[in-house]
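For the single chain, residues carry numbers from 1 onward in sequence order.
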Amino acid sequence: MTTVVVDKGVGPLLRGWREQRRLSQLELALRAESSARHISFIETGRSRPSEEMVLRLAEHLDVPVRERNALLLAAGYAPQYGETSLDDPAMGALREGIERLLQGYEPYPALVVDGSYTVIAANLGIMMLLDGLPEHLLTPPLNAMRITLHPDGLAPRIRNLREWRGYLKAQMERQIALVRSEALRAVYDEVLAYPMPETGVGAGADEPDRPEDPPYPHFALPLQIEHDGRVLSFVSSISTFNTPMDVTVAELAIETFLPADPATVKYLQSLAP
């Protein structure tokens, strides 16, 4: 991957990010306290940007941390951001903080995933939803997209599978547009090839047992999932770390599931010790 980036040059890469952000050269120049002429020279290869300029442009273009390293390499500079394994002792405080956060959110479900949706950690609320899934889906490394959309996974339990599948598909497509990740592309291709249930829960066609719409409006697309003979409703929220200085940390996402109706709140609270 590195060779491809270096051969392509930093100019075309920066132009690609600028166009993706729908900024003109003048707009980017104003944000970066430069000139449109200088931006043009960088993009066409007539001028080699300094290391500081590469990082400044990347910041104003909201380039992901991994791709900032790629820009630096393409410009002939060393990467600025490390990629530390979560098992490294230096990540101890981060691991402990994540565990406390997930436990503190119980009994509501919450999990942490990396850039390819591999599950890094999950709380008891998530494990409750996964109860009864086959072992082949729960053997590490777990993948959140695979568990959710696989025909043997949560998919048959999701009452609004078509809508939820469309949301997850769009989410992965946004990620793929931002990050060159073969692992993420492989997950995307795999889960999009899964068949939709033909009948029953989640089919979207023959659903005689689908619950009636609640008497209150949803404030976000809910995940409506069957569990232990009842339908639970959640809306999800995704958080990332602010100003990350490490590729691994930059690609972590914490997803929490907030109960979307009083019945779900009551049921989950009844499970709390």
Establish, from distance only, whether the side-chain atoms of [X] and [Y] form a donor-acceptor pair under 3.5 Å.
| X | Y | result |
| --- | --- | --- |
| Asp88 | Ser85 | no |
| Glu163 | Tyr167 | no |
| Glu255 | Tyr117 | no |

Less than 4.5 Å apart, side chain to side chain, heavy atoms only: is that true for [X] and [Y]?
| X | Y | answer |
| --- | --- | --- |
| Arg66 | Glu83 | yes |
| Arg95 | Ile120 | no |
| Arg31 | Leu23 | yes |
| Leu252 | Leu86 | yes |
| Leu129 | Leu232 | yes |

So does Glu59 pair up with Arg68, basic N to acidic O under 4.0 Å?
-> yes

Before accepting this row, confirm whether a basic side-chain N of the pair Glu226/Arg230 lies closer than 4.0 Å to the acidic partner's carboxylate O.
-> no

May I ask you to establish whether Arg48 and Tyr77 are in a cation-pi arrangement, using a distance under 6.0 Å from NZ or CZ to the six-membered ring centre and at most 45° from the ring axis?
-> yes

Measure up the Phe234 and Phe257 rings against each other and bin them: parallel (under 30°), tilted (30 to 60°), perpendicular (over 60°).
-> perpendicular

According to the interplanar angle, ranging from 0 to 90°, do the rings of Tyr105 and Tyr108 count as parallel (below 30°), tilted (30 to 60°) or perpendicular (above 60°)?
-> perpendicular

Taking atom CZ of Arg46 as the centre, does the number of heavy atoms from other residues, nucleotides or ligands within less than 6.0 Å exceed 12?
-> no

Separation between CD (Gln20) and CG (Asp62), nearest 0.5 Å, reads 10.0 Å

